[in-house]
Amino acid sequence: MHEFFENKHFPQEEEGRLQDLWEQNGINAFDLDSPAQVYSIDTPPPTVSGNMHIGHIFSYTQAEVLARYKRMQGLNVFYPFGFDDNGLPTERLVEKQIGHKANEFTREEFTDKCLEITEGYRRKFKELWRSLGLSVDWRYEYSTISPEVRRTSQASFLSLLKQGNAVRVDSPTLWCPECGTAVAQAEVDDKELSSSFHTIKFTLEDGCSVNIATTRPELLPACVAVFVHPEDERYKNLIGKNITTPLGDTVKIIADDAVSINKGTGVVMCCSYGDEQDMKWIKEHHLPEKVIIGKDGRMVDSGIDEINGASCNKARAIIIDKLKTSGDLIDSIPIKHDVGVHERCGTPIEIIPIAQWFIKIMEMRDKLIARADEIKWHPPYMKERYLQWVSNLKWDWAISRQRYYGVPIPVWYSKKTGEIIFPDESQLPVDPHAELPLNMPAEHTADDIIADSDVLDTWATSSLTPQINAGCGQNADLHNRVYPMDLRPQAHDIIRTWALYTIVMSELHEQSAPWSNIMISGHVLARKGEKLSKSKGAGGKGPESPEELIAKYSADAVRYWACGASLGKDVVFDENEILKGKKLITKLWNAAKFSIGNLEDFDPTKDMVAESDMEPTDQWLLLRIREVADLMNSTFEKYEVGSGRQEFENFFWKDFCDNYLEMVKTRLRSPELIEGGEKKKRSAQTALYLGLKAVLQFIAPYMPHVSDGIYQHYYKKYEPESSLHKTKYPQGMEGVDGSEHESLRFGMNNFITLIGNIRRIRTTERIAFSTESETLEIYGPTKILESLKPFIDDIKGFSKAKNIQFIEGESFDVKIIQ
RNA sequence: GGGCAUUUAGCUCAGUUGGUUAGAGCGUUCGAUUCACAUUCGAAAGGUCACUGGUUCGAAUCCAGUAAUGCCCACCA
């Protein structure tokens, strides 16, 4: 036997060698010139914001398995890869690593630091993906901070601007005081925080008082009106009257049915800006705006010296103190309530009027909903999440960020006229701070213009991945072949961002859906209900790092684990599942070792037996392979890689190893005991050759290393393809008349039942498996006995009985006579 | 408050269009085995399929309702 198979188990170091081999042989290469049907994948660019965790491995592997499967279907798979290495998440990583805030540096200095640090992470990430055996075509690698991608992103922005879909609006904006930037609705999360519900005394002109409840007394200086419900009997008579705040400001009492009669005291103060309702009221009722929170989240221009410069929390305490002293505080009740916070830093979001760029998505909601119908969602219920988010949108998409490291907004403004100045298309990518517009407006010099100082939301770039992958607008051939993409794989937490924004961009730029399928994976939880934290490495509470797990169990074992879950469902990390993968690898190894060991005197180019001449046990194996191929195909059709894995395991472990190999052992090893044994041995060898190959092909997408490793060391010398991954996936039942096989199936089922009975007797009567017996008596109705007779050689071989006797009886039974 | 999902063996989960006795892996117990198996194989024990009603000859599966859990969203004076 080939010395490779003398190993006790599949050598793990073989994985790296195979990865190199695949790259050399271009197994993963997309062929732009091939006439084969294209299958394109819009791979998620992982955010460079820290170390990767097994959650990444989990969702990427599921798409990877599909890519390999599609390739074995003969499709021309386009599987690119990129890194999202700009934007706020990356800035935060860099700030953390260097221990300084971005605003302590010049823009250039900070950008240099970012480039330097992310470069290291990109290398590390790529190494990890390679070590997992991810079959991407690295020739198409991109990074979102690269010049090509910056150009694509800026060109997209300018095109939207010209269409009128990107607009600069001076209006209240969701603002993160910690990060000092505008944020989009999608970046706001709910967080339960402790607070107090304060009831404060306001005074009417007649001296009577009205109580108003609020959680944000620090906004009292910004109170511009007081609202009551028009039908509220308690306050009906006050509508239109003036009321004075404890700080001495006098405002109108206005009726609006958005007020809840039962909430608080039924009277609401409207401040600029406590929440979105305030925004609405100020706009609808043409109320003045009093802005008292600055960009840094501190109070400013409040008219009260003690609180100017203080944070909201501090200002709140000061105001409450003042109200206590003046006797205007009726009571304070501690409460817990959900507050909108920035998803990146957990800081409560404020609403501040600052001019921002927006993409007008509100008015295209119907189209965004209609596009969802053109996409197949896997699992289907994930579409609901998308639809719900889109129909509940309240804000246009704010795309400008007051940050440093990202794609600059490529415009200048005229100081003279205020008009927007565009760069020339040929200038892109452009940094408006460092460059001047090629087409300077008439009578303007460099001193007359000012650069937009903002960068684009990182999603404004990553939502262009279908276009970026398709050649950044510079390769029409590629674009035509791969766009729209066949598949978008991603996790469910970014449906409202990445999926939505990609649909938005493709709608605006290409008037089409970006992909035909979206496959949505779940999350990995450290334990029930507990998210994986990036900081939990080895020794912590969470699972070990992907690198450690791969080193410990092999890439194939980790991949096996990643494919265990139902699509879209969160799973709790269970190291035992990786161990199961490891066991399967060993089992595959040993089955191959046994099979190949029994094929030593078999030359597939000469000794193959035609299927119609094979022994029935062997014919059955080939039949099963076709059935399993159909099962696998139908699960892949639904993108359920998990159930495909299950189908394979059932077939391989039970049918192939426990049953088939045991049934043919004697025929392979001692053909002399059987009449016409040599020919029957050839039949088994043919089935074994074909059967093992199919086994390897079935598992190849999941465990590409061990399967191709075995192929390389045995099959390659007989087969035309240089790698298992270039072979065609096994054929299903198509074109085969299944009815012809009814008697074969019936006989085999009886044979398997018979095996079970023999094993049970051996267990209960404590007869060793190696013990030979004199006679095996099989009882049963004629139909069953007749169906078993074609299998007599293998029955004899399996049972180690010298004689087999078929005895008519009512029930199917067996006896071992020693 | 709305949407979605989940609830099946001690644990983790499968169960396709309703069809005999509800499955797998892990764990437990017992047995065999070094002749492919860092063992592996076999057997056994273990379930009121969350609950209540309905449709049906027949329901884990379909329908209605209830409960618990999780996720997403809204509300947040």
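Each chain gets a letter, A, B and so on, in the order the sequences are listed, and its residues count up from 1. Scope of the values below: all heavy atoms of this structure, side chains included, with no hydrogens, waters or symmetry mates.
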Which part of the nucleic acid, if any, lies within reach of A:Glu649 when heavy atoms closer than 4.0 Å are counted: base, sugar-phosphate only, or nothing? nothing
When we call it a touch if two heavy atoms are under 4.0 Å apart, what does A:Ile212 touch: a base, just sugar-phosphate, or nothing? nothing
Would you mind reading off the distance between A:Asn576 atom CG and B:G25 atom P, rounded to a whole angstrom? 13 Å
Whether the side chain of A:Thr61 engages the backbone of A:Phe58 through a donor-acceptor N/O pair (distance < 3.5 Å, no angle test) should be reported. no
Kindly indicate whether the side chain of A:Gln388 and the base of B:G2 share any N or O donor-acceptor pair separated by less than 3.5 Å? yes
Give a yes or no on whether the backbone of A:Ser670 and the side-chain of A:Thr666 come within a donor-acceptor separation of less than 3.5 Å. no
Closer than 3.5 angstrom, by distance alone: can the side chain of A:Tyr235 be matched with the main-chain N or O of A:Val210 as a donor-acceptor pair? no
Watson-Crick or G-U wobble partner for B:C4, using a 3.5 Å limit on both distances? B:G70
With both distances under 3.5 Å as the test, what is the Watson-Crick or G-U wobble partner of B:U33? none
Interatomic distance at P, B:U6 relative to B:A24, whole Å: 23 Å
Measuring only the C1' atom in each nucleotide, how far is B:A50 from B:A36? A whole number of Å is fine. 46 Å
Indicate, with a heavy-atom threshold strictly under 4.0 Å, whether A:Arg669 touches base, sugar-phosphate, or nothing. sugar-phosphate
Looking at every strand, decide which applies to A:Val571 at a 4.0 Å heavy-atom threshold: base, sugar-phosphate, or nothing. nothing
Does this structure show an ion pair linking A:Arg216 with A:Glu218, if we count only N-O contacts that are shorter than 4.0 Å? yes
Whole-Å P distance, B:A59 and B:U20: 12 Å
If you pin A:His337 and A:Phe10 to their nearest nucleotides in RNA chain B, which one's is more 5'? A:Phe10
Any side-chain N or O of A:Lys569 less than 4.0 Å from the OP1 or OP2 oxygen of B:A14? yes
Compute whether any side-chain donor of one residue and acceptor of the other, for A:Tyr553 and A:Glu575, lie under 3.5 angstrom apart. yes
What's the gap between B:A22 and B:G58 when it is taken at their C1' atoms, as a whole Å value? 15 Å
Look at the side chain of A:Asp190 and decide which nucleotide, out of B:C75, B:C26, B:A36, has an atom nearest to it. B:C75
Same-atom distance (P) from B:U69 to B:C75, integer angstrom: 24 Å
Only pairs with both distances under 3.5 Å count, Watson-Crick or wobble alike; so what is the partner of B:C49 in this structure? none
Applying a 4.0 Å non-hydrogen cut-off, can you work out what A:Phe227 is touching in the nucleic acid: base, sugar-phosphate, or nothing? nothing
Taking only the side-chain heavy atoms of A:Lys580 (C-beta and beyond), determine which of B:G25, B:U40, B:A36 contains the nearest atom. B:G25
Closer than 4.0 Å, any side-chain N/O of A:Gln277 to the OP1 or OP2 of B:A74? no
Ignoring backbone atoms, test whether A:Arg385 places a side-chain nitrogen or oxygen under 4.0 Å from the OP1 or OP2 oxygen of B:A5. no
Would you call A:Lys280-A:Glu276 a salt bridge at under 4.0 Å N-O? no
Give the rounded distance in Å between these two atoms: CD of A:Glu647 and C1' of B:G15. 11 Å
Partner nucleotide of B:C62 by Watson-Crick or wobble geometry (both distances under 3.5 Å): B:G54
Using whole Å, what does the distance between atom C1' of nucleotide B:A74 and atom CD of A:Glu276 come to? 10 Å
Can you tell me, in whole Å, how much space there is between the P of B:A43 and that of B:G25? 10 Å
For the C1' atoms, the ones on B:A9 and on B:G47, what distance do you get once it is rounded to whole angstrom? 5 Å
Would A:His492 and A:Asp570 count as a side-chain hydrogen bond (donor to acceptor under 3.5 Å, both in side chains) here? Give the steps. CA-CA 10 Å; A:His492 59 60; A:Asp570 291 349; 2.9 Å; yes
Within the structure shown, what part of the strands sits under 4.0 Å from A:Lys654 by heavy-atom distance: base, sugar-phosphate, or nothing? sugar-phosphate
Using the side-chain heavy atoms of A:Arg760, tell me which of these nucleotides is nearest: B:C4, B:A74, B:A43. B:A43
Rounded to whole Å, CG of A:Leu387 lies from C1' of B:C4 at a distance of 12 Å
Just call it for A:Lys191: base, sugar-phosphate, or nothing, with non-hydrogen atoms closer than 4.0 Å on any strand. nothing
Residue closer to the 5' end of RNA chain B, A:Asp189 versus A:Asp658 (nearest nucleotide): A:Asp658
May I ask you to evaluate whether A:Trp589 reaches the phosphate of B:A38, defined as a side-chain N or O under 4.0 Å from OP1 or OP2? no
Hey, does A:Thr215 reach any base, or is it just sugar-phosphate, or nothing, if we go heavy atoms under 4.0 Å? sugar-phosphate
With heavy atoms under 4.0 Å as the rule, sort A:Thr586 into base, sugar-phosphate or nothing. base
From CG of A:Asn392 over to P of B:G3, roughly how many Å is that when rounded to an integer? 11 Å
Partner nucleotide, any strand, of B:C26 [Watson-Crick/G-U, under 3.5 Å]: B:G10
Does A:Lys394 put a side-chain nitrogen or oxygen below 4.0 Å from OP1 or OP2 of B:C75? yes
Of the listed B:A38, B:C71, B:G25, the closest approach to the A:Asn590 side chain comes from B:A38
Should A:Trp389 and A:Leu500 count as side-chain neighbours, where that means a heavy-atom distance under 4.5 Å? yes
Taken to the nearest whole Å, NE2/A:His9 to P/B:U40 is 14 Å
Under 4.0 Å: is that the gap between some side-chain N or O of A:Ser566 and OP1 or OP2 of B:A14? yes
note: A:Leu588, atom CG; B:U40, atom P; distance rounded to Å ~ 13 Å
Checking A:Leu579, A:Ile699, A:Ile585, A:Leu584 against A:Tyr560 for side-chain contact (heavy atoms from CB on, under 4.5 Å), the one that qualifies is A:Leu584
A:Glu575 CD to B:U12 P, straight-line distance once rounded to whole Å: 17 Å
Under 4.0 angstrom, heavy atoms only, what part of the nucleic acid is A:Cys657 near: base, sugar-phosphate, or nothing? base
Rounded to whole angstrom, note down the C1' distance from B:U17 over to B:C71. 29 Å
Across the strands shown, which category fits A:Lys587 at heavy-atom distances under 4.0 angstrom: base, sugar-phosphate, nothing? base
Ranking B:C75, B:A14, B:G25 by distance to the side chain of A:Lys263, first place goes to B:C75
At 4.0 Å (heavy atoms only), tell me whether A:Trp281 reaches a base, stays on the sugar-phosphate, or touches nothing. nothing
Does the distance from a Lys or Arg side-chain N to an Asp or Glu carboxylate O, for A:Glu343 and A:Lys191, drop under 4.0 Å? no
